[in-house]
Amino acid sequence: MRVDIAELVRLRAEHPEAIAEAAARRPRRPLLNDNGRLMIVAADHPARGALGVGGNRMAMANRGDLLERLCLALSRPGVDGVLATADILDDLLLLGALDGKVVLGSMNRGGLQGASFELDDRFTGHRPEDIERLGFDAGKLLLRIDYDDPGSLTTMESTARAIDDMAARKLPVFVEPFISGRTTEGKVRNDLSAEAVSKSIAIASGLGGSSAYTWLKVPVTDNPDDMGEVMATSTLPAVLLGGEVGDDQDGAYEKWRGALQLPTVRGLVVGRSLLYPADGDVAAAVDTAVGLL
């Protein structure tokens, strides 16, 4: 679909209540589909200043283009919903693109890409009360832990309290954990070894006063053959995150395919690699990912 930016701006300027009205009348559905699987498209990267895809550092900077890609992805059979920040979800509400979809609000986006405080990832996005008020279906948290960065403890503590607040509302929360560190140039890098991913899962699973509504959002390890051992670390339901896959889209699909057979893995949450595939064919990339489920 073509997105009329002028009309979106007009509604925002002249009738901001239209967003809440669209949320109130939005048809909802259960979190899981009939076969118990989830296919979610992610678009919460811009709010952390992460606009790049591949070699294009500003690929996600054109909001109209991003919205059109999201609407196309959400229209494809088998796509269950979207993960995004308030600005993007508000646009999608006004466009009617969230009707009958699973909606995940992105909760902590304070760890700006490249910032000295990147691992002090404060909660600057959706609060539990916002997700409840808008009738959204779940929340998502990013939890990067650097043993050498005290900011990680702040993130851990605020994550635990957010898990408590979501559980009190009986709302699922997807926790995306990593063991992270900084390169000699100061850039944050996530450790995708089997040991590090297992450790991150163990830490994330134990946060908060209840794990009843906690899901995990986990990467595929450097060696995909390690995923069986890694996912045995917890009984929490999990989805795989896509991350950046570069030009080797087929290789990424194969990594996901194997991990999706594991008993705790219930689906995929993929963003840039589907919205901005190397060949430019969003529909084909989404359809192939759906086929893996």
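Bear in mind that the values here come from a model prediction, so they are computed numbers and not experimental data.
- Interatomic distance, L192 CG to D226 CG, rounded to the nearest 0.5 Å: 11.0 Å.
- Under the 4.5 Å side-chain criterion, counting only non-hydrogen atoms from C-beta, R189 is in contact with K187.
- Without hydrogens or angle criteria, R69 side chain to L274 main chain gives no donor-acceptor distance under 3.5 Å.
- By the rule that hydrophobic residues join a cluster once side-chain heavy atoms approach within less than 4.5 Å of another member, F174 and L32 end up as members of one cluster.
- Here the side chain of E68 pairs a donor or acceptor atom with the backbone of V3 at under 3.5 angstrom.
- For the side chain to side chain contact (heavy atoms under 4.5 Å, CB included) with I201, the lone residue among T264, V175, V230 that qualifies is V230.
- The distance from atom CG of L293 to atom CG of N35, rounded to the nearest 0.5 Å, is 7.5 Å.
- Note on Y147 and F117: separate hydrophobic clusters, where clusters join Ile, Leu, Val, Met, Phe, Trp and Tyr whose side-chain heavy atoms are under 4.5 Å apart, directly or indirectly.
- Among all heavy-atom pairs drawn from S180 and V188, the shortest one is CB-CG1, 4.0 Å.
- In this structure, M231 and L236 have side chains that are not in contact, with every pair of non-hydrogen atoms separated by 4.5 Å or more.
- A single hydrophobic cluster is not seen to contain both L142 and Y213; linkage of ILVMFWY side chains at heavy-atom distances under 4.5 Å, directly or through other members, places them apart.
- Every residue meeting the ring-ring contact (aromatic ring centres under 6.0 Å, His included) condition with F136, not counting sequence neighbours, appears here in chain and number order: H126.
- For the pair T85 and S106, the tightest heavy-atom approach, listed with the atom from each and the gap, is CG2-CB, 3.8 Å.
- Two residues are said to be in side-chain contact when any heavy atoms from C-beta on lie closer than 4.5 Å; V239 and L216 fail this criterion.
- Of the possible donor and acceptor atoms, one in the side chain of S75 sits under 3.5 Å from a partner among the backbone N and O of L72.
- A 4.5 Å side-chain heavy-atom check between L104 and V82 finds every atom pair outside the cut-off.
- Interatomic distance, CG of L66 versus CZ of R272, reported as 11.5 Å (0.5 Å rounding).
- In this structure, S210 OG and K170 NZ are separated by 11.0 Å, a value rounded to the nearest 0.5 Å.
- Both the sub-6.0 Å distance and the 45° axial angle are not jointly satisfied by K217 relative to the ring of F178.
- No donor-acceptor distance shorter than 3.5 angstrom exists from the side chain of R109 to the backbone of D121, with no hydrogens or angles considered.
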Worked verdict on D91 versus R12 for salt bridge (charged side-chain N to carboxylate O under 4.0 Å, His left out): CA-CA 9 Å; D91 283 338; R12 284 178 170 277; 3.1 Å; yes
Residue pair L171, E132: steps toward the side chain to side chain contact (heavy atoms under 4.5 Å, CB included) verdict: CA-CA 8 Å; L171 286 169; E132 180 180 50; 4.1 Å; yes
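- In this structure, R26 and G135 approach most closely via the heavy-atom pair NH2-O, 2.8 Å.
- Atoms CG and CG, on L119 and L153 in that order, are 12.5 Å from each other to the nearest 0.5 Å.
- Between the side chains of H15 and E21, at least one donor N or O lies within less than 3.5 Å of an accepting N or O.
- Side-chain atoms of Q261 come within 3.5 Å of backbone atoms of R257 as a donor-acceptor pair (strictly under, hydrogens ignored).
- Residues C71 and L92 form a side-chain contact, since some pair of their non-hydrogen atoms from C-beta on lies under 4.5 Å apart.
- Remark: the backbone N or O of R127 is paired with a side-chain donor or acceptor of D130 at under 3.5 angstrom.
- Across all their heavy atoms, W256 and S273 have their closest contact at CH2-OG, 3.8 Å.
- Partners of T159 under the side-chain contact (heavy atoms from CB on, under 4.5 Å) rule, at least two apart in sequence or in another chain, are F123, L141, L143, T155, I163, L207.
- Between the side chain of N108 and the backbone N or O of R122 there is no donor-acceptor pair closer than 3.5 Å.
- Distance NZ/K255 to CG/L292: 14.0 Å, rounded to 0.5 Å.
- Residues A42 and V269 share a closest heavy-atom pair of CB-CG1, 3.9 Å.
- A heavy-atom distance below 4.5 Å is found between the side chains of R144 and E118.
- A donor-acceptor contact shorter than 3.5 Å links the side chain of Y253 to the backbone of A285.
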Audit row: W215, K140, side chain to side chain contact (heavy atoms under 4.5 Å, CB included) steps and yes/no: CA-CA 9 Å; W215 285 60; K140 174 258 180 179; over 6 Å; no
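- R161 has no carboxylate O lying under 4.0 Å from a charged side-chain N of D165, or vice versa, which leaves the two without a salt bridge.
- Under the side chain to side chain contact (heavy atoms under 4.5 Å, CB included) test applied with I179, the options I203, V197, N190 reduce to a single match, I203.
- Exactly one residue among R28, K101, R29 makes a salt bridge (charged side-chain N to carboxylate O under 4.0 Å, His left out) with D137. That residue is R28.
- A heavy-atom distance below 4.5 Å is not found between the side chains of M107 and T124.
- Taking a cutoff of 4.0 Å between a charged side-chain nitrogen and a carboxylate oxygen, D99 and R25 do not qualify as a salt bridge.
- Using a 4.0 Å cut-off between charged nitrogen and carboxylate oxygen, R63 and D87 count as a salt-bridge pair.
- Under the 4.0 Å criterion applied to side-chain N and carboxylate O atoms, R10 and E14 are assigned as salt-bridge partners.
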Verdict with supporting geometry, M166 and I131, side chain to side chain contact (heavy atoms under 4.5 Å, CB included): CA-CA 9 Å; M166 292 291 281; I131 294 170; 4.0 Å; yes
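- Side-chain heavy atoms closer than 4.5 Å link hydrophobic residues (I, L, V, M, F, W, Y) into clusters, and following such links, possibly through other members, connects I5 to L93.
- Side-chain atoms of R48 and D44, non-hydrogen and from C-beta on, never get closer than 4.5 Å to each other.
- With D164 contributing its side chain and G209 its backbone, the two residues share a donor-acceptor pair below 3.5 Å.
- Counting only N and O atoms by type, the side chains of E195 and S193 include no donor and acceptor under 3.5 Å apart.
- S234 approaches S205 most closely through the heavy-atom pair OG-OG, 3.1 Å.
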Evaluation steps, side chain to side chain contact (heavy atoms under 4.5 Å, CB included), between L94 and E7: CA-CA 10 Å; L94 293 174; E7 177 61 14; over 6 Å; no
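- Judged by distance alone, with hydrogens and angles left aside, the side-chain atoms of S152 form a donor-acceptor pair with the main-chain N or O of D146 at under 3.5 Å.
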